[in-house]
J.: 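Here it is, the structure in full.
From a predicted model like this one, the values you see are computed outputs, not experimental measurements. Quick note on labels: first sequence line is chain A, next is B, and so on, each numbered from 1.
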Amino acid sequence: MLFLRQAWTVAQKDLRSEFRTKEALNASLSFALVILLLFSFAFDPTAEMTREISGGLLWLVFAFAGALLLNRSFARELENDCLDVLVVSPVPAAALFLGKALANYILLLGIEAVCLPVFGVFYNADWTRQPAWLAIVILLATWGITIIGTMFSALTVNLRLRELMLPMLVYPMLIPCLMAAMQLTTALMAGQAPSGDQLAWVRMLVGFDIIFTALSVALVETVLIG
Amino acid sequence: MLFLRQAWTVAQKDLRSEFRTKEALNASLSFALVILLLFSFAFDPTAEMTREISGGLLWLVFAFAGALLLNRSFARELENDCLDVLVVSPVPAAALFLGKALANYILLLGIEAVCLPVFGVFYNADWTRQPAWLAIVILLATWGITIIGTMFSALTVNLRLRELMLPMLVYPMLIPCLMAAMQLTTALMAGQAPSGDQLAWVRMLVGFDIIFTALSVALVETVLIG
Amino acid sequence: MTALSVENVWKYYGDFPALRGISFEARQGACVALLGRNGAGKTTLLRILAGLSRPTRGSVRVFGRDCLDAEVRRQTGLIGHGIGIYDELSAYENLRLFAALYGVKDPRRAAMEWLERTGLERVRDGLVREFSRGMRQRLAVARAFLHRPSLLLLDEPFTALDDRAIALLQGLLKESLAGGATVVMSTHQLREALELATHVALIVKGRLAHAGERTAEMLEDPGWLYRTYGEA
Amino acid sequence: MTALSVENVWKYYGDFPALRGISFEARQGACVALLGRNGAGKTTLLRILAGLSRPTRGSVRVFGRDCLDAEVRRQTGLIGHGIGIYDELSAYENLRLFAALYGVKDPRRAAMEWLERTGLERVRDGLVREFSRGMRQRLAVARAFLHRPSLLLLDEPFTALDDRAIALLQGLLKESLAGGATVVMSTHQLREALELATHVALIVKGRLAHAGERTAEMLEDPGWLYRTYGEA
Amino acid sequence: MREKILYALGALAALLLARNIWVMLTGLPDEAFQGAIFRIIFFHVPAAFTCFLCFFVALVASISYLKSGKMQWDSLAVSATEAGLAFGAANLVSGMIWARIIWGIWWTWDWRLTSMLVCWLLYAGYLVLRRAVEEPAQRARLSAVLSILSFAVVPFVFFSIKWFRTQHPQPVLYGEGKMDAAYRAMLYLNWVPLLMLAAVLIAIRIGQENRRRELDALRREAHSI
Ligand code: HEM
Ligand SMILES: Nc1ncnc2c1ncn2[C@@H]1O[C@H](COP(=O)(O)OP(=O)(O)OP(=O)(O)O)[C@@H](O)[C@H]1O
Ligand SMILES: Nc1ncnc2c1ncn2[C@@H]1O[C@H](COP(=O)(O)OP(=O)(O)OP(=O)(O)O)[C@@H](O)[C@H]1O
Ligand SMILES: [Mg+2]
Ligand SMILES: [Mg+2]
């Protein structure tokens, strides 16, 4: 109970300071739009093929925008040495980590909620055919992105090359999660409810989330206390 | 003369400290490779269509890796307040800027030189058909990316959200340049020498480079001295 | 009663031993001035005491417990190089947040009380971002004191403060000391530090060169300590 | 001869005037201690003098020229809050770089000479990244002095320095002053500053509250200045 | 006084707009191929031109700020950019509604549409940048530079239209497209109230900006104990 309350206090703080300035939100939202635009140049999206790759495109956008947002997660604590103060406070490292992950999750879901309709309009994709399944896939895969992103944000927070290292480490790590999400989303946008093979992908997403959440919570103290 | 010597001194310093650690180089190189990999998951690259979009893909990778590299350009001066010291030195802001741009140009070209063959292998694209023209296009478009990236690196150097701001601002600016490069590269990979419309693209690249080099050189002092 | 006991603490950065077998004790109510030249290891030691970093060898006990223990953390207050305050939150929100994190009974009241004590009640809803340096430092002091810690760890707390801010901090420290708290502070401003200190610990190249009570002659001639033990 | 003349300088951050009509002159060979409480405007003024920031109104003339002039910049040395040294280059490379940027005649020789003078010749090829804080500060001092500037601008140069580093810096400053250089330094460590200073300028909330020679009584009682002019 | 003029101008714009809509609905015949929806052009096109005009004003204001350092110019630059973005959005949205009805899709990656979107995003970036800089003078300086650079991109974006085949109708006012005289007159006539609206918007925003700056200064003053 105390643990959860502490995690929520941390999450609340992150959300409050983010909503106060909305800087990171605005920036990653417009970044997402810009990538949507860039992709449209690279792949002529009027073609039929767009539909085939829409899941891939969508998750690439989420992954790029997400990495930028998550990068800030622990980095925002560096200013004024707030991280030190949080670490010495009686809040356990795991609560700190989960609180931050929760705040990131909410922010990232918010960004995705805006991007999805925009994506639908711009790429002429119909994402409303399997709303329940799509929601499940998005919730699961986004948690995967969040947990890995937040963990690496903690890991690289003190490196000089934070901006460089983070995407480089995060993307390869995320490949299983993104793969599953891409496959599932493309199928869902074509209107097929998952079955057989597809369900295996869902199970993989669940497994990915559980394993990495457990690992991160177990390891984060080692990471934060040098 | 003095101006050029000063610019070269600055470029030399940047190159030397980069080659000493190779951090940014390694990171953006591996980032480029990771994106190549990610794209290959998102879009099934065995298909015939890959050839049609190869120019687009290639320049997306260059743009992403470039932004990562250029982000560091002025940011590396923040440590120890080196930027202040450079600005108060008798080196004019324009020389400082051009020196940094030059160093970035060389680094970025190096990264591209590695990525191009890798790309050729991964995506089964033949990039050797029009080597002279391809070189010209790459040189021109990379200078465009460099000059805009370096300018925005200077513009955002003191912002808290630098890592987020830079890509968000840079990519829309780069769109004409990337467009031209993508169009031309796709055609060149198909073995067509530029003519007619295509030459107009080349002219546009040249114009883009000239205008933004001039504007940046004119404005950089305003940006650096508050 | 010993509040703090450091036993044979070593800290390696890679192969470089920044601390080499530091041992000392501080009884409750003591104010230890941690002195030493640049790079001696003061910050490293304070970070270990605060539980921000683990010693490579040796152990640190605070109030008889491990210093990573949650109960010990609840009783520790820290002022490091940074102020440890969020720029995007208001002064009041900051204090309320830390009161909540430290499990203070009534976070709102505690926050208001400390805003008053540091003379910030007029600007309680101003974002910290807009505060001047002096005001930020006051807020940092409020943050470190608001859970009434019984161990205070201060790393160069007087740096870049003006006369008034120094007076405020010294006042609060005296009050805490009178209330039985233990204080360890590192500093290069010997005069300000020695006025408060009851004990002195001098670190030279990662070794404890001298530890003992602060004597009257130190106050008169702050350089004496370095001259006597400095080149050990 | 006046080396530095500041005339009615205003600096607005948005609509907030951080400097309000500052005017003063410093003759060649003077050492001006710039005093003031936190947020008074010392750093802002020094940045304007260094040409790092432009005044909103008013003008600054150094040796009779504009302070953004390349010739003036060549004669200015700056020590700010950061050390202004590259971590990935060696000590020697750093100094050679700055010697080249400042157009010093023989950059290699100048670099070697200053490595010797600051006692760093043994580590000339060590990367700065691996230096301790004191060594870095020495290198920063070498960097600021190696082009033999005739105007030195120092922002809290004694902060976080130990006794030896302070002595090194004071020695170099005395030598420069004897050689006819002009020094402007801001600081909260009144004692160290007033020892060197020939003149004093006190800033209160962006206004110049007092400017004049340093008198003997200031040395005896550093707080006097604040008490007398502080609340203006 | 200033307020009254603004109110009057706003009221006048509203009146003109109402009158124009009335005439559009009753006085003008449906277009031969597109039917009633064609009337959207009377908002679509003027909105685009008003948007560009606003961006141009922002450019002039930005250059003036860099020249003079007067914060008023900065206020004008933001206000004009925001108004421009509003009218740009109007153009985009009206175009999208139109496209949905005529082409059956909301959006296609046609270069004309895309170029408008690129412009819009460029200037949206301007607003995001402003939020990220705290210190007002620095904010004004950096965003002025960004505004200048952005405006330099716009011609590239628009001239490259020539090299694409677009699905979007060719320019009628200055290009190869043709248009009936009555329509054309209406187009111009409807531009007037939109311009007035833009002026009112900009004036209101300038007022807000100025007040906010004053407040800011007062707060800083109060905060520096
Ligand atoms: C989201 C979709 C659209 C966007 C972003 C868009 C954008 C623009 C812009 C920027 C202009 C004025 C600039 C110029 O003339 O060069 C314009 C003019 C025009 N648009 Fe669109 N448009 C869209 C959809 C449509 C559609 C669906 C139609 C009709 C089928 C249409 C018809 C026109 C016409 C007739 C003009 C006037 C051209 C002229 O006289 O210059 N637009 N549009
Ligand atoms: N993160 C680190 N990595 C490697 N070496 C370090 C690190 N932090 C400190 N050191 C080294 O450990 C030694 C002690 O550093 P520390 O910061 O504790 O000194 P200090 O006494 O606080 O000095 P100062 O008075 O300059 O603050 C120094 O030699 C320093 O170079
Ligand atoms: N970048 C900035 N943006 C907005 N206001 C600023 C900025 N820099 C300084 N100020 C304000 O200008 C005033 C003067 O600040 P300055 O840093 O010059 O003070 P100082 O005398 O150097 O103080 P300290 O002793 O704390 O270093 C302060 O009120 C501060 O809040
Ligand atoms: Mg220290
Ligand atoms: Mg200062």
Side-chain angles (χ1 to χ4, degrees), chain A residues 1-27 72-100 103 107 154 157-159 219-226, chain C residues 11-13 43-44 46-56 62 67-90 93-94 96-104 107 127-129 131 133 136-137 139-140 143-144 146-147 149 151 153 155:
Chain A
M1 254 324 284
L2 178 64
F3 183 89
L4 288 184
R5 191 137 33 84
Q6 288 172 327
W8 178 237
T9 310
V10 173
Q12 241 182 337
K13 165 198 84 68
D14 267 18
L15 288 175
R16 176 170 298 143
S17 55
E18 181 51 47
F19 280 114
R20 175 115 339 130
T21 57
K22 298 196 199 63
E23 288 169 345
L25 260 183
N26 283 339
R72 292 277 313 149
S73 175
F74 275 86
R76 69 145 42 98
E77 306 285 339
L78 280 184
E79 232 185 320
N80 302 341
D81 285 351
C82 289
L83 188 57
D84 284 357
V85 175
L86 280 189
V87 171
V88 298
S89 79
V91 177
L96 183 58
F97 174 77
L98 281 183
K100 287 201 150 292
L107 290 176
V157 63
N158 280 316
L159 293 186
L219 290 176
V220 70
E221 183 159 359
T222 330
V223 169
L224 287 180
I225 302 183
Chain C
K11 176 76 184 182
Y12 281 86
Y13 287 117
T43 300
T44 309
L46 276 172
R47 286 179 67 88
I48 290 177
L49 295 184
L52 274 170
S53 134
R54 290 199 189 86
T56 314
V62 182
C67 68
L68 292 176
D69 187 274
E71 189 45 41
V72 168
R73 301 203 146 179
R74 191 163 294 124
Q75 301 197 15
T76 308
L78 173 77
I79 302 188
H81 287 281
I83 59 168
I85 287 285
Y86 292 96
D87 278 353
E88 304 88 30
L89 301 180
S90 72
E93 282 168 340
N94 262 300
R96 208 185 51 192
L97 167 71
F98 285 104
L101 290 181
Y102 275 91
V104 171
L127 295 194
V128 173
R129 194 178 17 189
F131 282 13
R133 191 152 166 190
R136 286 159 168 263
Q137 193 69 27
L139 197 56
R143 195 257 304 135
L146 106 165
H147 56 290
L151 172 65
L153 303 171
D155 196 0

J.: Determine yes or no for a side-chain-to-main-chain donor-acceptor pair under 3.5 angstrom, with A:Asn80 supplying the side chain and C:Ile83 the backbone.
T.: no
J.: Can you tell me how far apart CZ (A:Arg16) and CG (C:Leu97) are? Round to the nearest 0.5 Å.
T.: 8.5 Å
J.: Using a cut-off of under 4.5 Å for heavy-atom pairs, which of C:Gln75, C:His81, C:Glu93 has the most such pairs with chain A?
T.: C:Glu93
J.: Do A:Arg20 and C:Leu127 have side chains that get closer than 4.5 Å, going by heavy atoms?
T.: yes
J.: Give a yes-or-no answer on whether the side chains of A:Glu77 and C:Tyr86 include a donor-acceptor pair shorter than 3.5 Å.
T.: yes
J.: With chain A as the partner, which of C:Asp87, C:Leu78, C:Thr76, C:Val72 has the greatest number of non-hydrogen pairs under 4.5 Å?
T.: C:Asp87
J.: Provide the closest heavy-atom pair for A:Ile225 versus C:Arg54 in the form atom of the first, atom of the second, distance.
T.: O-NH1, 3.3 Å
J.: Identify which of A:Val91, A:Asp84, A:Thr21, A:Val87 forms the greatest number of heavy-atom pairs closer than 4.5 Å to chain C.
T.: A:Asp84
J.: Can you tell me how far apart CG (C:Leu52) and CG (A:Leu83) are? Round to the nearest 0.5 Å.
T.: 8.5 Å
J.: Where is the tightest heavy-atom contact between C:Tyr102 and A:Ser89, given as atom of each residue plus distance?
T.: OH-CA, 3.5 Å
J.: Taking all non-hydrogen atoms of both residues, which atom of C:Gly84 and which atom of A:Cys82 are closest, and how far apart?
T.: C-SG, 3.7 Å
J.: Could you state the interatomic distance from CZ (C:Arg96) to NZ (A:Lys13), rounded to the nearest 0.5 Å?
T.: 13.5 Å
J.: Can you see which heavy atom on C:Ala70 is nearest to which on A:Pro90, and at what distance?
T.: O-CB, 3.8 Å
J.: Does any heavy atom of chain C fall under 4.5 Å from the side chain of A:Leu86, the backbone, both, or neither of them?
T.: side chain
J.: In terms of heavy-atom proximity below 4.5 Å to chain A, should C:Leu68 be classed as side chain, backbone, both, or neither?
T.: side chain
J.: To the nearest 0.5 Å, tell me how far A:Glu79 CD sits from C:Arg129 CZ.
T.: 9.5 Å
J.: Hey, which of C:Gly82, C:Ala100, C:Cys67 has the most heavy atom pairs under 4.5 Å with chain A?
T.: C:Gly82
J.: Of the backbone (N, CA, C, O) and the side chain (C-beta and beyond), which part of C:Leu101 lies under 4.5 Å from a heavy atom of chain A, both, or neither?
T.: both
